[in-house]
Amino acid sequence: HFAYCPLLTCLFCFYFGSTMQSSPSDIYSQSVDKQRIVVVGKSKTRITEMIAFVLKHNGRKSDISTSSSEILSEDAPVIIIEANGHDPKALLAYQHHILVFSNLPISEEDNYYNGKLADATPKSGSIFYDESDSLTKSISTKDRPDVAVVSYGIPKHEMKNGVATL
């Protein structure tokens, strides 16, 4: 019986060239004083990268936790978490403030826990969902007191000569 050792895990990953994302409860314990943004669904990697880019572009420090890397600091007030490869019920351990849904898989069990995840959004929290996905819309738009619900989608645009104009 061995105890979990983060240092040995990092050395193992470095030596064998693999990466491991910490468990949701480990990430929560390392970010208890940060605002946690959790991204769930098929487009989670792209959305996580876009959120990190926008925060950096606007001079906001943030941490990030994805399946390929974890960057954690003492002074960043925000962490962006790509919810990846975990049992859906374990995602509740992140204790998110902001939840972003994108193209959820059509699985009865996953959707039950995605509903529970949305229900766990605290007062003054936010849920963002893809307006083109009826499943994320139905989970996200359930009445939750004091939770902001915001849809997102492709903005109106015009294509001319391969250039998109908003």
Side-chain angles (χ1 to χ4, degrees), residues 3-6 9-10 12-13 18-56 60-74 76-153:
Y4 171 74
C5 176
T9 301
C10 289
F12 177 86
C13 291
S18 64
T19 59
M20 291 178 62
Q21 183 178 28
S22 299
S23 72
S25 58
D26 288 340
I27 293 171
Y28 171 75
S29 67
Q30 295 170 359
S31 64
V32 71
D33 293 328
K34 299 176 187 278
Q35 183 176 44
R36 290 173 297 284
I37 302 171
V38 174
V39 185
V40 180
K42 293 180 184 174
S43 301
K44 62 186 172 276
T45 302
R46 181 178 303 134
I47 292 171
T48 300
E49 291 169 352
M50 287 191 294
I51 294 169
F53 173 81
V54 168
L55 289 172
K56 183 177 181 178
R60 298 278 317 267
K61 290 184 180 182
S62 66
D63 291 344
I64 191 164
S65 176
T66 68
S67 59
S68 61
S69 68
E70 268 184 18
I71 301 169
L72 302 174
S73 66
E74 295 289 322
V78 175
I79 181 168
I80 309 148
I81 303 164
E82 175 189 328
N84 199 13
H86 297 291
D87 179 3
K89 60 185 166 190
L91 299 179
L92 293 168
Y94 288 126
Q95 298 187 33
H96 65 275
H97 299 101
I98 298 172
L99 179 61
V100 181
F101 281 132
S102 72
N103 302 321
L104 295 175
I106 303 173
S107 155
E108 198 170 310
E109 180 186 11
D110 286 348
N111 290 328
Y112 170 78
Y113 286 109
N114 285 324
K116 292 287 187 194
L117 189 60
D119 289 343
T121 304
K123 288 185 177 187
S124 299
S126 301
I127 300 173
F128 292 81
Y129 70 93
D130 181 353
E131 66 186 16
S132 68
D133 182 358
S134 61
L135 179 59
T136 61
K137 182 177 182 175
S138 68
I139 291 172
S140 301
T141 56
K142 176 182 164 188
D143 188 36
R144 295 178 182 88
D146 300 322
V147 172
V149 178
V150 180
S151 65
Y152 65 88

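These numbers come from the heavy atoms of this one structure, side chains and all, not from hydrogens, waters or symmetry mates. Heads up: numbering here begins at 1 and tracks the sequence.
- Heavy atoms only, all atoms of each residue included: Ala120 and Leu92 are closest at CB-CD2, 3.9 Å.
- Between the OH atom in Tyr129 and the OH atom in Tyr152 there is a gap of 10.5 Å [rounded to 0.5 Å].
- The backbone N or O of Ser69 lies less than 3.5 Å from a partner atom in the side chain of Thr66, making a donor-acceptor pair.
- Here the options are Leu99, Val100, Ile47, the test is side chain to side chain contact (heavy atoms under 4.5 Å, CB included), and the partner is Val40; only Leu99 passes.
- The OG atom of Ser25 lies 9.5 Å from the OH atom of Tyr94; values are rounded to the nearest 0.5 Å.
- Across Ser43 and Asn103, no two heavy atoms sit closer than the pair OG-ND2, 3.4 Å.
- In this structure, Ile127 CD1 and Lys142 NZ are separated by 9.5 Å, a value rounded to the nearest 0.5 Å.
- Residues satisfying the side chain to side chain donor-acceptor pair (under 3.5 Å) criterion with Thr141, sequence neighbours excluded, are absent altogether.
- A 4.5 Å side-chain heavy-atom check between Gln95 and Pro122 finds every atom pair outside the cut-off.
- The distance from the CG atom of Asp133 to the OG atom of Ser102 is 8.5 Å, given to the nearest 0.5 Å.
- Side chains of Ile79 and Leu72 form a contact here, defined as non-hydrogen atoms less than 4.5 Å apart.
- One finds the NE2 atom of His96 at 9.5 Å from the CD1 atom of Ile98 (value rounded to the nearest 0.5 Å).
- In this structure, Arg144 and Asp119 have side chains that are in contact, with non-hydrogen atoms separated by less than 4.5 Å.
- Using modelled atom types, no side-chain atom of Lys123 and backbone atom of Val147 make a donor-acceptor pair closer than 3.5 Å.
- With rounding to the nearest 0.5 Å, the separation of CD1 in Ile80 from CD in Glu49 is 10.5 Å.
- Under the salt bridge (charged side-chain N to carboxylate O under 4.0 Å, His left out) criterion, Lys42 pairs with no residue at all, not counting sequence neighbours.
- Each of Ile27, Asp63, Asp26, Ile81 was checked for a side chain to side chain contact (heavy atoms under 4.5 Å, CB included) with Glu70, and the lone residue meeting it is Ile27.
- Contact detail for Phe101 and Ser140: the closest heavy-atom pair is CD1-OG, 3.3 Å.
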Apply salt bridge (Lys or Arg N to Asp or Glu O under 4.0 Å) to Lys137 and Asp130, showing your working. CA-CA 7 Å; Lys137 182 177 182 175; Asp130 181 353; over 6 Å; no
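- Closest heavy-atom contact between Ala83 and Val38: CB-CG1, 4.0 Å.
- Using a 4.5 Å heavy-atom cutoff, the side chains of Val78 and Ile37 are in contact.
- When all heavy atoms are compared, the tightest approach of Ala52 to Ile64 is CB-CD1, 4.1 Å.
- Without hydrogens or angle criteria, His97 side chain to Arg36 main chain gives a donor-acceptor distance under 3.5 Å.
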Passes side chain to side chain donor-acceptor pair (under 3.5 Å), Thr45 versus Glu82? Steps please. CA-CA 7 Å; Thr45 302; Glu82 175 189 328; 3.1 Å; yes
